[in-house]
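Index from 1, following the sequence.
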Amino acid sequence: FWWETDKIDLTHKIFIDTDSNPYDSVPFSVSGATSLTFSQPFESGVYYWGIEVGGKRATPLQFTVWAPTQVTLISPAPFQHVSEASPTFQWDSNNKELADQGELTYTLFIDDGDTSISIDAGGQLSHILSPADPWPSLLGGQYTWWIKTSGLDSVKSEVRTFTVDLSPP
């Protein structure tokens, strides 16, 4: 947390709480500085903070702490054999709200061992190959796939292997 002041010689009281009126919480006192750093992270959630100097209080400000993004691959499952050239790629994320707000996007990567392609999935949690993609469909063979996020948080999912088998049954 940082702030600007022309009263550096006065003690600044910093109030932080999950209540929209943080001034009911126990303050952190800061003297001779214009910032406050915490050694432990905050739990995920919505918080409010305010500052008091010389008995005057600023309007509280809201901030949100997000959990680190985790992406879970759903399908194709590990080592799954799929019988269609355009399988559905599906994943899940613990930070869907960030994606809904446009603050987090997903990129689907598919690799056939020789070539890797990437497809911008935006905030969606699934993708079916289409003519607009670098590979509109997959040939028979083994592939790996994974998701990488970008935006407020950048993580890479696990990498999964699957096989496309287009042989008639």
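- In this structure, Ile14 CD1 and Ser35 OG are separated by 9.5 Å, a value rounded to the nearest 0.5 Å.
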In a table with atom names and distances, give each donor-acceptor pair under 3.5 Å that connects a side chain of residues 128-139 to protein atoms at least two apart or in another chain.
unit_1 : atom_1 : unit_2 : atom_2 : d
Ser130 : OG     : Ala132 : N      : 3.4
Asp133 : OD1    : His127 : NE2    : 3.4
Asp133 : OD2    : His127 : NE2    : 2.7
Asp133 : OD2    : Ser130 : N      : 2.9

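- Applying the ring pair (Phe, Tyr, Trp, His ring centres under 6.0 Å) definition to pairs two or more places apart or across chains, those involving residues 5-33 are Trp3-His12, Phe15-Tyr23, Phe28-Phe38.
- Other members of the cluster containing Ile8 do not exist, because no ILVMFWY side chain is joined to it at under 4.5 Å.
- Residues passing the side chain to side chain contact (heavy atoms under 4.5 Å, CB included) test with Ser29, sequence neighbours excluded: Thr11, Lys13.
- Here the side chain of Asp165 pairs no donor or acceptor atom with the backbone of His81 at under 3.5 angstrom.
- Side-chain atoms of Thr18 and Phe42, non-hydrogen and from C-beta on, never get closer than 4.5 Å to each other.
- Annotation: side chain of Thr163 is not in contact with side chain of Val82 (no heavy-atom distance under 4.5 Å).
- Of the inter-residue distances, the one linking Gln90 atom CD with Ile147 atom CD1 reads 11.0 Å to the nearest 0.5 angstrom.
- Linking ILVMFWY side-chain heavy atoms closer than 4.5 Å, directly or via other members, places Leu73 and Ile117 in a single hydrophobic cluster.
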Anything under 3.5 Å between a donor and an acceptor, one on a side chain of residues 102-115, the other on a protein residue two or more places apart or in another chain? List them.
unit_1 : atom_1 : unit_2 : atom_2 : d
Thr105 : OG1    : Ser150 : OG     : 2.9
Tyr106 : OH     : Ser93  : OG     : 3.2
Asp111 : OD1    : Gly113 : N      : 2.5
Asp112 : OD1    : Asp114 : N      : 2.8
Asp112 : OD1    : Thr115 : N      : 2.7

Item to check | Criterion ring pair (Phe, Tyr, Trp, His ring centres under 6.0 Å) on Tyr143 and Phe89, from CA distance to verdict | outcome: CA-CA 12 Å; Tyr143 296 86; Phe89 294 88; 8.7 Å; no
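- Pairs passing the side chain to side chain donor-acceptor pair (under 3.5 Å) check and including a residue from residues 45-54, sequence neighbours excluded, read Tyr48-Gln62, Glu52-Arg57.
- Expressed to the nearest 0.5 Å, how far CH2 of Trp91 lies from CD of Gln124 amounts to 8.0 Å.
- A distance-only check finds no donor-acceptor pair linking the side chain of Trp145 to the backbone of Phe162 [under 3.5 Å].
- Rounded to the nearest 0.5 angstrom, Gln101 CD and Asn95 CG are separated by 10.0 Å.
- Panel note: side chain Ser154, backbone Thr149; a donor-acceptor pair is recorded below 3.5 Å.
- Taking CD from Glu84 and CG from Leu166, the interatomic distance works out to 9.5 Å, rounded to the nearest 0.5 Å.
- At most 12 non-hydrogen atoms from other residues, nucleotides or ligands lie less than 6.0 angstrom from CD of Glu97.
- Taken from CD1 in Ile51 to OG1 in Thr59, the straight-line distance is 12.5 Å, to the nearest 0.5 Å.
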